[in-house]
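In what follows, a single structure is set out as structure tokens and then discussed.
Below, chain A is the first sequence line, B the second, and so on; all start at residue 1.
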Protein chains: 2
Amino acid sequence: MTTTPDLRTAVGPRGRPQGPDPALARRQSGARAVYELLRGHIIDGTLVPGERLTEPVLAGRLGVSRTPVREALRLLQAEALVVELPTGGVRVAPLDVADARRVYEVRARLEGLLARDACERAWPDDVARLARLVTLMDAVRDHEDEVLRIGAQFHGEIEALADNRWCSALLRQIRGHVDRYRALAARGRVGTTDHVDEHRAVADAVARGDAVAAEAAMITHIDRSAALADQALRAPTDPAVTPTTGAAPTDAATTDES
Amino acid sequence: MTTTPDLRTAVGPRGRPQGPDPALARRQSGARAVYELLRGHIIDGTLVPGERLTEPVLAGRLGVSRTPVREALRLLQAEALVVELPTGGVRVAPLDVADARRVYEVRARLEGLLARDACERAWPDDVARLARLVTLMDAVRDHEDEVLRIGAQFHGEIEALADNRWCSALLRQIRGHVDRYRALAARGRVGTTDHVDEHRAVADAVARGDAVAAEAAMITHIDRSAALADQALRAPTDPAVTPTTGAAPTDAATTDES
DNA sequence: TCGCCCACACCTGTATACAAGTGCGCAGTC
DNA sequence: GACTGCGCACTTGTATACAGGTGTGGGCGA
């Protein structure tokens with residue numbers, strides 16, 4: 001591991017060639033790119049939990065100066081993907097399987113709140129779109145990957161409907177950690193039993209405009225996912241660090257055994 | 001406004017004289033101190049919502065270089081207390097009274113989860129301590145300040161019991177925003193009706209070990225506080241920026257109309 | 001052979017220097 | 001008088017230089 005690719009080959013010297021928004025392109029440069037890269041590597045396990053990250057080494061490896069590296073590390077620290085050492089400096093946040101449950105609990109509440117908010121803002125065509133996703137999911141219920149993909153869409157739809165930036169911002173942080181634990185477990189082997197029904201329960205509640213039920217259904221759904229994930233994390237292999245080679249999800253709507 | 005005191009007079013040239021933990025003292029230096037200072041000023045309204053914050057100006061005013069200022073701004077940005085401008089740079093996050101409700105909603109769920117977790121970890125003496133706080137609160141129920149102070153203690157106790165670092169970390173971020181809205185409203189004039197009973201409901205649920213009830217009671221409690229805060233924010237004065245001169249709360253357990 | 005002490009190498013934190021992009025203002029012109 | 005074009009000043013982002021502190025490893029002495 002720790003074979004972090006050169007940043008220049010990863011994002012180019014000055015952002016992507018086709019930046020739709022110049023301001024975004026500007027933000028994509030340097031520090032932001034380092035942040036995204038490191039974040040992905042922490043999530044997918046390329047950077048091993050507990051590993052010390054030193055600024056000069058990262059800077060040299062990525063072909064940039066310490067300044068953007070430092071900034072990226074601060075962002076990762078704010079997100080708790082790296083933890084500070086008593087003497088200064090940081091290391092990759094350790095993975096504690098027992099903590100996975102906690103992460104899921106928080107995620108469940110935040111997504112539950114999103115479902116509640118979505119209830120109050122959903123228009124008929126939104127409801128129809130959700131229902132369509134559930135139908136779609138039902139149609140492919142034996143293909144786990146497809147179920148997961150549609151599930152991600154479903155959650156993304158709910159989040160968009162809720163339009164709650166506070167929830168979304170916090171959720172994004174939590175999602176990074178959720179994705180870490182998912183990468184740790186054997187990919188895909190989390191089971192999707194009852195996924196269709198659980199999503200349908202949420203969709204139905206939203207359709208009825210029943211905010212309380214929607215929130216409860218979402219929490220139940222994610223709690224069950226948490227139980228599956230917990231099982232997958234404890235059962236298969238030793239609890240030691242087991243980085244997978246799976247793709248590195250980096251942003252919203254990627255988290256999904258949901 | 002914008003009469004930010006010199007950082008050197010605020011924290012001294014190299015941390016406080018009596019740092020109990022040298023590592024902490026080290027972190028307290030420079031960037032961290034700038035962060036805390038700016039955070040406090042944003043929360044208490046000294047830094048006006050929407051105000052542009054430029055690195056050279058802040059650096060000069062605080063007597064440090066741009067480097068620690070920059071780092072502090074990044075932390076504040078991660079916390080959404082400042083927002084980035086399209087052209088780069090940041091401004092103090094605008095205050096939207098309609099958004100206060102959203103912030104409280106999130107806080108309610110997080111604290112609700114803390115209450116739930118506290119249930120599963122509370123020992124008899126913990127339960128007794130919570131009950132004592134409720135009794136104390138009841139005894140001073142006519143003194144709003146005292147009620148708020150004890151309320152803060154109560155919430156701190158729950159948080160400590162829950163021992164859920166994920167929740168606590170997210171809650172800290174949310175609390176900064178809650179405190180901002182509280183500073184915007186007339187201090188103390190939020191009303192504390194039924195505070196005692198609401199806290200008692202939480203304490204009783206914890207005593208019974210009824211996690212579901214504890215979570216629900218906490219959510220109800222904070223939702224009611226939210227309604228009071230919302231009322232205070234909309235009613236008294238114009239919705240324009242109205243910084244108060246009240247003390248600047250800077251960390252956990254300071255948030256309380258709870 | 002074990003323990004202690006010193007010195008080095010390293011790393012963080014801060015300051016300063018440099019380059020590039022952007023917005024604003026002023027002057028000139030129609 | 002209004003519009004347009006140019007130029008300046010400012011700001012951010014990055015790189016580099018410098019100082020302070022810490023941990024480690026080797027050497028020396030008991």
Side-chain angles (χ1 to χ4, degrees), chain A residues 2 6-8 10-16 19 21-38 50-78 82-92, chain B residues 2 6-8 10-17 19 21-38 51-78 82-92:
Chain A
T2 319
D6 191 310
L7 186 62
R8 287 166 298 200
V11 296
R14 201 64 170 164
R16 289 70 174 271
D21 180 5
L24 182 67
R26 182 174 189 168
R27 286 209 54 72
Q28 275 299 44
S29 304
R32 196 70 183 188
V34 173
Y35 162 76
E36 299 285 357
L37 192 71
L38 292 180
E51 179 178 355
R52 175 98 188 260
L53 298 180
T54 58
E55 296 167 9
V57 172
L58 288 175
R61 196 179 294 159
L62 299 176
V64 295
S65 78
R66 277 181 55 210
T67 310
V69 170
R70 192 179 173 74
E71 190 166 317
L73 289 180
R74 289 309 189 205
L75 292 176
L76 291 169
Q77 188 177 335
V82 303
V83 296
E84 58 178 339
L85 295 165
T87 63
V90 299
R91 61 175 185 173
V92 178
Chain B
T2 320
D6 192 309
L7 186 62
R8 287 166 297 200
V11 296
R14 202 64 171 163
R16 288 70 174 267
D21 179 5
L24 183 67
R26 182 173 189 168
R27 286 210 54 73
Q28 276 298 42
S29 305
R32 196 73 184 185
V34 172
Y35 162 75
E36 299 285 357
L37 191 71
L38 292 179
E51 179 177 354
R52 174 98 187 258
L53 299 179
T54 58
E55 296 167 9
V57 172
L58 288 175
R61 195 180 294 158
L62 299 176
V64 294
S65 79
R66 275 180 57 208
T67 310
V69 170
R70 191 177 173 76
E71 191 165 318
L73 289 180
R74 289 308 189 204
L75 292 176
L76 292 169
Q77 187 177 334
V82 304
V83 295
E84 57 177 337
L85 295 165
T87 63
V90 300
R91 60 174 186 174
V92 178

List for me each residue that meets salt bridge (Lys or Arg N to Asp or Glu O under 4.0 Å) alongside B:Arg70, sequence neighbours excluded, and say none if there are none.
->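 Counting only residues at least two positions away or on another chain, B:Arg70 forms a salt bridge (Lys or Arg N to Asp or Glu O under 4.0 Å) with A:Glu71, B:Glu55.
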Rounded off to whole Å, could you give me the [atom1]-to-[atom2] distance for the [X] and [N] pair?
X	N	atom1	atom2	value
B:Leu85	C:dT22	CG	C1'	12 Å
A:Gln77	C:dT12	CD	P	12 Å
A:Arg61	C:dC11	CZ	P	12 Å
A:Glu71	D:dT12	CD	P	12 Å
B:Arg52	C:dT22	CZ	P	14 Å
B:Arg74	C:dT14	CZ	C1'	17 Å
A:Leu73	D:dT14	CG	P	14 Å
A:Leu53	C:dC11	CG	P	12 Å

Which of these nucleotides, C:dG13, D:dT12, D:dG13, is closest to any side-chain atom of A:Glu55?
->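 It is C:dG13.
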Residue B:Ala31, side-chain atoms from C-beta onward, closest of C:dC11, C:dT14, D:dT14 | C:dT14
Report yes if a side-chain nitrogen or oxygen of A:Arg70 is closer than 4.0 Å to either non-bridging phosphate oxygen (OP1 or OP2) of C:dT12; otherwise report no.
-> no
For nucleotides 15-19 of chain C, which of its nitrogen or oxygen atoms have a protein nitrogen or oxygen under 3.5 Å away, and what is each distance?
{"residue": "C:dA15", "atom": "OP2", "partner": "B:Ser65", "partner atom": "N", "Å": "2.8"}
{"residue": "C:dA15", "atom": "OP2", "partner": "B:Ser65", "partner atom": "OG", "Å": "2.7"}
{"residue": "C:dA15", "atom": "N7", "partner": "B:Thr67", "partner atom": "OG1", "Å": "2.8"}

What's the shortest heavy-atom distance between B:Ala72 and B:Ala31, and which atoms?
->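 Smallest heavy-atom distance, with atoms named: CB-O, 3.9 Å.
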What residues, two or more places apart in sequence or in another chain, satisfy side chain to side chain contact (heavy atoms under 4.5 Å, CB included) together with A:Thr54?
-> A:Arg52, A:Pro56, A:Val57
Do B:Val34 and B:Leu58 come within less than 4.5 Å of each other through their side chains, counting heavy atoms only?
->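 When only atoms from C-beta onward are counted, B:Leu58 and B:Val34 do not touch, as no gap falls below 4.5 Å.
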Side-chain touch B:Leu53/B:Leu76, heavy atoms, less than 4.5 angstrom | no
Have a look at B:Val82 and tell me which of B:Gln77, B:Glu51, B:Arg91 forms a side-chain contact (heavy atoms from CB on, under 4.5 Å) with it.
-> B:Gln77
